[in-house]
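In this text the structure is predicted, and so the values were computed from the model without any measurement.
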Amino acid sequence: MSVKVRFAPSPTGYLHIGNVRTALFNYLYAKSQGGKLVLRIEDTDKERSKTEYIDQILKDLNWLGLHWDEGPDVGGASAPYEQSKRLDFHLKAVDQLIQQGHAYRCFCTPQDLDVMKEECKKNGQPPRYDNRCRNLSEDDVKQRLEKGDKAAIRFKIDEPELTFEDLVRGSVRFDLNLFGDFIIVRPDGTPTFHLAVCYDDGSMGITHVLRGEDHLANTPKHILLMKAMGFTPPQYAHLSLIMGKGGKVLSKREGAKSLEEYRKLGYLPEVVDNYLALLGWSAGDDKEIYTMEELEKAFDVKRVNKSSAIFDIEKMDWLSGEHIRMLEDDVYVQKALDYLKEQNCLSESLKLLPLDEIKSILLIFKDNITRFEELVDRLTIYDPNAPMQDEFVLQQEGVSQIVEAVKSYVESVADGESMDFSVLNQQLKESVSKKGKELFLPLRVALTYRSHGPEMKRILPLLKKDLCLDRLKKASEIAG
RNA sequence: GUCCCCAUCGUCUAGUCAGGCCUAGGACACCAGAUUUUCAUUCUGGCGACAGGGGUUCGAAUCCCCUUGGGGACGCCA
């Protein structure tokens with residue numbers, strides 16, 4: 001039987017790291033098994049769902065390269081893929097459940113339920129519904145309905161316990177006496193998540209459900225519901241949750257960054273994929289740097305960790321640097337350019353530079369950054385309006401001598417000709433007594449306004465004569 | 001409160017299922033040194049863990065029990 005998985009986000013917010021990892025694992029599982037991935041939008045919560053979130057989710061997933069075979073935008077045999085458009089199917093399924101005696105109407109009010117819960121707590125029991133409306137006679141129900149009373153519909157749990165095999169957790173057993181019959185349709189007639197998910201997973205032929213561990217306790221309900229509707233329940237794999245630095249779950253509420261924010265910081269999509277894959281999974285060897293293709297081959301759900309992991313941005317930074325350095329030069333330049341354009345963070349003065357020049361500048365920094373965001377900062381070396389940093393270097397004794405020597409070299413360079421570090425170096429040797437750090441650090445600061453950066457011999461040819469003279473003038477004012 | 005899940009360096013993990021090859025391996029971070037006349041990179045070295053207690057066994061990180069700690073769930077949210 002071929003594998004079919006799904007990623008089913010609810011569009012009540014932006015995708016965050018936890019969601020993305022679930023999506024990634026589903027994608028990787030599909031790929032590793034030669035199966036299909038379905039994208040389904042679970043927008044049954046009318047209050048909180050927004051279409052702008054749907055758009056963003058599609059965009060984010062595409063950016064990460066997590067492509068789906070069936071979904072709201074590409075269609076498929078089980079369309080539609082927005083849950084809100086499947087209402088008729090769901091209601092029909094519910095009718096059948098009622099007819100078959102799997103479900104019944106419940107007239108209890110929220111207040112009634114609160115009382116019940118309090119009762120349970122007092123007795124040291126888990127809060128649950130006591131199934132009281134199960135025994136309502138058909139006439140009772142009819143009467144109350146005619147009277148205009150609103151009723152929710154509950155699913156009957158008859159079994160005393162249920163055990164299932166979880167792909168990552170192994171055998172899991174639940175005492176069903178702890179659960180009350182649960183609601184599958186609200187009094188306003190809209191189906192709940194449980195009903196919608198089970199019907200959709202079943203009707204779409206989903207074979208494996210990889211989801212967050214927070215759904216573990218829902219699984220017995222879902223298995224029962226699916227069976228009652230005549231579907232074969234899928235195999236479940238519950239992924240442990242990702243924690244933030246404080247050890248608390250990474251979620252919207254805890255202020256987890258949206259994927260969009262990481263993109264803004266200049267992480268490559270493959271970096272996010274690579275890092276997230278490593279969070280809770282390993283192939284069992286020491287390999288850590290993966291391309292997407294390699295992940296697709298190597299991934300194995302059975303090797304997913306049971307315990308939760310803490311998201312560590314520092315390790316992702318390291319991976320980011322590794323991936324950037326792996327890029328072919330022209331690919332790197334293109335991606336850097338795209339980033340600068342998309343984030344619109346190239347300074348006005350640098351925008352005036354010819355494209356070729358910007359390209360060669362970008363290349364200089366390739367080995368020197370861990371994320372594209374750093375590029376923006378480094379680029380100020382070429383920006384005439386950038387302020388001077390590390391002034392103290394120039395204040396050291398004897399620096400004016402160096403500044404003067406550099407100035408005379410720069411002045412000697414013909415207009416339109418680029419400067420050459422070896423020539424400058426030669427001249428400095430003759431006219432300046434200082435050498436080593438004492439010579440090169442002030443030289444660097446005077447010309448670039450910063451005490452560190454790539455090799456001078458790479459920077460120099462791209463620095464404009466006017467800019468240098470300008471900076472040297474200011475440098476000589478403060479030079480010691 | 002009740003139920004469920006989890007537990008190896010600060011962090012991510014290998015090793016656990018099939019006990020001995022583990023005086024527990026790798027990576028990030030950190031510290032020190034070397035290279036790079038700066039930063040980054042690279043290289044070398046260092047620091048650093050089987051949560052605790054009981055069993056089982058010739059032998060336990062690995063199997064069992066208890067304790068502790070962490071997390072999740074208990075919605076007319078998904």
- Item | Contact under 4.0 Å: Arg186(A) side-chain N or O vs A78(B) OP1/OP2 | yes
- Interatomic distance, Asp214(A) CG vs G75(B) P [rounded to whole Å]: 15 Å
Are any protein N/O atoms closer than 3.5 Å to N/O atoms in nucleotides 44-52 of chain B? If there are, list each pair with its distance.
none

- Item | Contact under 4.0 Å: Thr192(A) side-chain N or O vs C76(B) OP1/OP2 | no
- Under-4.0 Å salt bridge between Asp367(A) and Arg325(A): no
- Ser171(A) side-chain N/O to Glu165(A) backbone N/O, donor-acceptor pair under 3.5 Å: no
- Would Glu70(A) and Arg40(A) pass as an ion pair if we require N to O under 4.0 Å? no
- Phosphate OP1/OP2 of A40(B): any Arg378(A) side-chain N/O under 4.0 Å: no
- Item | For U2(B), the Watson-Crick or wobble counterpart (both distances under 3.5 Å) | A73(B)
- Message: Measuring from the side chain of His215(A) (C-beta onward, heavy atoms only), which nucleotide among C12(B), U2(B), A78(B) has the closest atom?
- Response: A78(B)
- Minimum-distance nucleotide to Arg303(A) side chain [options: A78(B), U13(B), G15(B)]: G15(B)
- Message: For the aromatic rings, using the six-membered ring if either is Trp, is the centroid distance between Phe372(A) and Tyr267(A) under 6.0 Å?
- Response: no
- Go ahead and name the base partner of U68(B); Watson-Crick or wobble counts if both distances stay under 3.5 Å, otherwise write none. A7(B)
- For A32(B) and A73(B), measure between their C1' atoms and round to the nearest Å. 48 Å
- Message: Check this for me: does any side-chain nitrogen of one of Arg134(A) and Asp181(A) sit under 4.0 Å from a carboxylate oxygen of the other?
- Response: yes
Identify the pairs formed between an N or O of the protein and an N or O of nucleotides 27-37 of chain B at a distance under 3.5 Å, and give each distance.
from, atom 1, to, atom 2, distance (Å)
A27(B), O4', Glu288(A), OE1, 2.9
A27(B), O2', Glu288(A), OE1, 2.4
A27(B), O2', Lys315(A), NZ, 3.2
A27(B), N3, Lys315(A), NZ, 3.1
C28(B), OP1, Trp318(A), NE1, 3.4
C28(B), O2', Lys315(A), N, 3.4

Between N or O atoms, less than 3.5 Å apart, protein on one side and nucleotides 4-8 of chain B on the other: list the pairs.
from, atom 1, to, atom 2, distance (Å)
C5(B), O2', Arg169(A), NH1, 2.4
C5(B), O2', Glu213(A), OE2, 3.2

- Just call it for Gly212(A): base, sugar-phosphate, or nothing, with non-hydrogen atoms closer than 4.0 Å on any strand. nothing
